[in-house]
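This report refers to the structure that appears directly beneath it.
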Amino acid sequence: MTRQAYLECSTGSSAAPKRFDLTVFPARIGRQPDCTVQLNVARVSRVHAEIRRDGKGLLQITDLGSTNGTFVNGQRIKTFTPITSGDVIHIGDQEIRLLEEQLEAVPTSDDMTRIGIGSLPRKFPTKVREFRELLDQELVVGYRQPIMDRRGVLFGHELLGRGCHPPLSESPVELFALASALNAEVRLSRLMRRKGFEAAERAGMRTPLFFNTHPAECREPGQLIAELEMLRNRHASLDLVFEVHEAAVTDLGVMDEIASALRALDIRLAYDDFGAGQARLRELVEVPPHFLKFDIGLVRGVGMPDSPKYRLLSTLNAMIRDMGVKTLAEGVEDESTARACTAIGIDLYQGFLFGRPEPI
């Protein structure tokens, strides 16, 4: 089937976006009834903008002297500007995304243009095309951050990922925010994990490797377990530790299913970010992990032995270690925090004091 360009317009409500096929060119956007894309919105001019195909069949858009302007990916335009699938267009204060698919147009009408818009809405993410390229071309690099024991000896690493598509941020925080808008968190998480495992295998890493999952993956435990089975078969030599956020699995039965699968795959279990939200003590008792990572919020500024945070961390650490679980302090960034954690008896340490994330 031939794919056809169309515009998807955010309505600013819970209703589905309006969709407009682009079948005839030039295609005009505005409030007039004869416009190809007719928007019944006060801040859209009667004839606001125009889309055409150039001699190579590529799409371009220009403003037609509108009152409130035309923007492509946040930049106001004056002349014909190239646009491709995934670009975000603002017609006045109406947010539109150019995509490719056969969809139905929805015409409307109105009479007057209301002058003045505050700021452009942000319901559609920009750089969609580049993000899809990152996924399709697997433009991700494996990173690692050291984990030390209380003697200052290297114990293992946490495997991380960074993007390497120049127009996009390399930050996983920003990439996952974009992935969330596109319902692609699981795909990005799997890509980062696979790239991290491949890099660790090539580097001959034999220390324990802690690796992350996205909470969305735990909602489909069967798919997650199948993914882990594939990775374990592919990377049999790696010493793996599966990290799960304390809030990612709220069903004890699902957590037990995942833990059983990990045991069969010879992958150890760690509870991540303990103390960031609800400290799930029942899971600790009924599905005990091998490791528990105290959240940076509990560790940073732990202070002296008479401080409430020190006493809380000390009590939690003693209780968890009595269960046979190794404890790890995240976010150790200075010597005073490291000394306090050592005095408390925490087993392992991770943070900028011992090393920042670096490419494998």
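This chain uses plain numbering: 1 for the first residue, then up along the sequence.
The CG atom of Leu159 sits 9.5 Å away from the CZ atom of Arg144 when rounded to the nearest 0.5 Å. Atom CG of Leu135 and atom CZ of Arg187 lie 4.5 Å apart (nearest 0.5 Å). Summarising the geometry, atom CG belonging to Leu328 is positioned 9.0 Å from atom CD belonging to Glu158; distances are rounded to the nearest 0.5 Å. Rounded to the nearest 0.5 Å, atoms OH (Tyr349) and CZ (Phe155) are 13.0 Å apart. From Leu59, atom CG reaches atom CG of Asp54 across 8.0 Å, with rounding to the nearest 0.5 Å. Rounded to the nearest 0.5 Å, atoms CD (Glu229) and CD1 (Ile267) are 9.0 Å apart.
Judged by distance alone, the side chain of Thr81 and the main-chain N or O of Ile77 form no donor-acceptor pair under 3.5 Å. Looking at Glu217, its side chain does come within 3.5 Å of a backbone N or O of His214 through a donor-acceptor pair. Ser307 places no side-chain N or O within donor-acceptor distance of the main-chain N or O of Gly303, the cut-off being under 3.5 Å. Under the 3.5 Å distance criterion, the side-chain polar atoms of Arg232 are matched with a main-chain donor or acceptor of His235. Formation of a donor-acceptor pair under 3.5 Å by the Arg52 side chain with backbone atoms of Phe25 is not found in this model. Not a single donor-acceptor pair under 3.5 Å links the side chain of Asp295 to the backbone N or O of Phe274. At distances below 3.5 Å, at least one donor-acceptor pair connects side-chain atoms of Gln145 with backbone N or O atoms of Gly355. For the pair Thr213 (side chain) and Glu243 (backbone), a donor-acceptor distance under 3.5 Å is present. Side-chain N or O atoms of Ser45 include one that pairs as donor or acceptor with a backbone N or O of Thr67 at under 3.5 Å. For the pair Lys293 (side chain) and Gln350 (backbone), a donor-acceptor distance under 3.5 Å is absent.
Looking only at atom types and distance, the side chain of Ser237 has a donor-acceptor partner in the side chain of Glu201 under 3.5 Å away. Of the N and O atoms on the side chains of His90 and Thr70, not one donor lies less than 3.5 Å from an acceptor on the other residue. A side-chain donor-acceptor contact under 3.5 Å links His165 and Glu133. Ser260 and Arg263 share a side-chain donor-acceptor pair at under 3.5 Å. One side chain, Asp334 or Ser336, offers a donor N or O that lies under 3.5 Å from an acceptor on the other.
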#### Entry: Chi angles and distances behind the side chain to side chain contact (heavy atoms under 4.5 Å, CB included) call for Cys9, Gln94
CA-CA 7 Å; Cys9 178; Gln94 290 299 286; 3.7 Å; yes
### Task
Apply side chain to side chain contact (heavy atoms under 4.5 Å, CB included) to Leu312 and Leu298, showing your working.
CA-CA 9 Å; Leu312 173 62; Leu298 278 178; 3.8 Å; yes
### Task
Show your reasoning for whether side chain to side chain contact (heavy atoms under 4.5 Å, CB included) applies to Leu22 and Tyr6.
CA-CA 5 Å; Leu22 297 177; Tyr6 72 95; 5.5 Å; no
### Task
Test Asn212 against Leu160 for side chain to side chain contact (heavy atoms under 4.5 Å, CB included), laying out the working first.
CA-CA 8 Å; Asn212 293 287; Leu160 305 164; 3.9 Å; yes
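Here the closest heavy-atom approach between residue Phe294 and residue Ile346 is recorded as CD1-CD1, 4.1 Å. Scanning both residues, Arg53 and Ala5, for their nearest heavy atoms gives NH2-CB, 4.4 Å. Heavy atoms only, all atoms of each residue included: Leu353 and Ala338 are closest at CD2-CB, 3.7 Å. A pairwise comparison of heavy atoms in Leu252 and Glu286 identifies CD2-OE1, 3.1 Å as the closest pair. The two residues Lys309 and Gly297 have their closest heavy-atom pair at NZ-O, 2.9 Å. For the residue pair Ala27 and Thr36, the shortest heavy atom distance occurs at CA-OG1, 3.4 Å.
A cation-pi contact links Arg162 to Tyr143, judged by a cut-off of 6.0 Å to the six-membered ring centre and 45° from its axis. Taking the ring centre of Phe352 as origin, the terminal cationic atom of Arg356 falls inside the region bounded by 6.0 Å and 45° from the ring axis.
For Asp87 and Arg97, the salt-bridge test fails: no basic side-chain N is under 4.0 Å from an acidic carboxylate O. Under 4.0 Å is where a charged nitrogen must lie from a carboxylate oxygen, and between Glu227 and Arg194 at least one such pair does. One finds a salt bridge joining Asp239 and Arg268 here, because a Lys/Arg side-chain nitrogen approaches an Asp/Glu carboxylate oxygen to under 4.0 Å. Taking 4.0 Å as the cut-off between side-chain N and carboxylate O, Asp63 and Lys78 do not count as a salt-bridged pair.
Ile29 and Val47 are assigned to two separate hydrophobic clusters, defined by single-linkage of ILVMFWY side chains at heavy-atom distances under 4.5 Å. Cluster annotation: Met319 and Val287 are assigned to the same hydrophobic cluster (Ile/Leu/Val/Met/Phe/Trp/Tyr, side-chain heavy-atom contacts under 4.5 Å, transitive). The same ILVMFWY cluster, assembled from side-chain heavy atoms under 4.5 Å apart, contains both Leu238 and Leu265. Under the 4.5 Å side-chain contact rule for hydrophobic residues, Leu224 and Phe197 share a cluster. Note on Ile147 and Val241: same hydrophobic cluster, where clusters join Ile, Leu, Val, Met, Phe, Trp and Tyr whose side-chain heavy atoms are under 4.5 Å apart, directly or indirectly.
Residues Val140 and Leu134 form a side-chain contact, since some pair of their non-hydrogen atoms from C-beta on lies under 4.5 Å apart. Taking the side chain as every heavy atom from C-beta outward, Val244 and Asp272 never approach each other to under 4.5 Å. Within the 4.5 Å cutoff, the side chain of Ile225 has no heavy atoms near those of the Leu262 side chain. Side chains of Val332 and Met148 form no contact here, defined as non-hydrogen atoms less than 4.5 Å apart. Thr337 places a side-chain heavy atom less than 4.5 Å from the side chain of Cys341. Two residues are said to be in side-chain contact when any heavy atoms from C-beta on lie closer than 4.5 Å; Leu64 and His48 fail this criterion. Under the 4.5 Å side-chain criterion, counting only non-hydrogen atoms from C-beta, Ile258 is in contact with Val254. Taking the side chain as every heavy atom from C-beta outward, Ile61 and Glu50 never approach each other to under 4.5 Å.
Phe242 has its ring centre no less than 6.0 Å from the ring centre of Phe210. Taking the ring centroids of Phe291 and Tyr271, they lie at or beyond the 6.0 Å cut-off.
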